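Notes follow the structure.
Computed over heavy atoms, backbone and side chain alike; hydrogens, waters and symmetry mates excluded. Not measured: the values here are computed from a predicted model. Indexing begins at 1, ligand by ligand and atom by atom, following the structure's order.
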Amino acid sequence: MAEIARDNKQMQKLAEELRLAGKRIAFVPTMGYLHEGHLNLMREGRRRADNLVISIFVNPTQFGPGEDFEKYPRDFERDERLASEVGVDTIFYPDATSMYPPGYQTYVTVEEVSRNLCGRSRPIHFRGVATVCTKLFNIVKPHEAIFGKKDFQQLVVIKRMVKDLNMDLEIVGVNTTREADGLAMSSRNSYLEPEERNSALSLSRGLKIAKELYDRGERDASVIIKAVRDFIAGHEHTDIDYVKICDTETLKDVEKIEGESVVALAVRVGRPRLIDNYVFGEPLDIP
Ligand code: PAF
């Protein structure tokens with residue numbers, strides 16, 4: 001079974017001992033309620049390093065008012081078993097007051113890349129993510145940290161932060177893990193009612209439409225966006241937050257697809273707000 005560290009100092013001491021012994025530490029930060037997508041990040045970490053640490057912490061500072069912080073699904077016992085099965089050495093499992101004790105007042109803001117896409121409807125989200133990841137990196141002291149590409153903007157924000165603040169670790173992005181029918185895995189899929197499940201597929205199928213248009217030579221972002229929006233809007237229970245095509249590094253909207261670009265979308269399907277994305281030119285495994 002994986003060892004559990006609940007205390008920041010205990011985790012820091014363990015990380016320091018590993019480093020002094022010349023071991024490489026890979027780290028997968030999570031909010032728990034693990035699914036196959038998380039487990040694939042852990043398998044990647046297992047391959048890359050001597051020691052694999054994950055964190056399970058539902059981070060309050062990345063949820064805005066009225067979002068699902070209280071209701072976010074949690075099941076530590078199951079998470080502990082799944083993590084142990086894929087060979088996690090240590091689970092860092094702090095509580096909220098040890099991460100944010102009374103008097104806490106320091107936040108990390110990554111400016112421009114946090115603003116577009118999810119930053120529009122979730123204005124404090126990436127400040128919370130950047131802050132908690134900074135704290136976790138200081139506690140776990142990893143040589144590399146592994147993130148899923150499903151949260152594309154999060155990955156860009158974290159890479160930017162690590163570069164800008166000279167943090168001494170490598171950020172690794174891993175491809176999105178999908179259900180057999182194409183739905184990107186997410187802990188929030190557990191909120192979907194059975195009748196909404198089919199509508200949730202409109203996200204990945206919408207990306208496939210974008211890919212097909214691109215592959216046939218379409219480079220006008222507005223044409224692709226309209227086709228994807230119309231397709232998703234044609235499904236019951238969907239409410240589109242955004243469909244955008246952006247430069248993969250700056251995350252600024254592009255009108256013509258020239259450099260490396262991503263089509264990213266966020267759609268409320270019943271209760272959950274789901275996200276997905278596709279980088280043009282890459283393979284996309286959607287039936
Ligand atoms: O992707 C997530 O689960 C979270 O945003 C993260 C990176 C664990 C920070 O709380």
May I ask you to list the atoms of ligand 1 that are less than 4.0 angstrom from any heavy atom of [X]?
| X | result |
| --- | --- |
| Pro29 | 8 (C) |
| Val132 | 9 (C), 10 (O) |
| Thr30 | 8 (C) |

What protein heavy atom sits nearest atom 3 (O) of ligand 1, and how far off is it? Met31 CG, 3.5 Å

Just need the protein heavy atom nearest to atom 7 (C) of ligand 1, so name the residue and atom and give the distance. Gln154 NE2, 3.5 Å

Does this structure show an ion pair linking Lys13 with Glu17, if we count only N-O contacts that are shorter than 4.0 Å? yes

Side-chain heavy atoms under 4.5 angstrom apart, residues restricted to Ile, Leu, Val, Met, Phe, Trp, Tyr: same cluster for Val267 and Leu117? no

Checking the side chain of Glu218 only, and the main-chain atoms of Asp220 only, is there a donor and an acceptor separated by less than 3.5 Å? yes

Do you see a donor-acceptor pair shorter than 3.5 Å between the side chains of Tyr100 and Thr61? yes

Testing the 3.5 Å rule here: is there a donor-acceptor pair between the side chains of Tyr191 and Asp68? yes

Under 3.5 Å between any N/O of Gln62 and any N/O of ligand 1: does that happen in this structure? yes

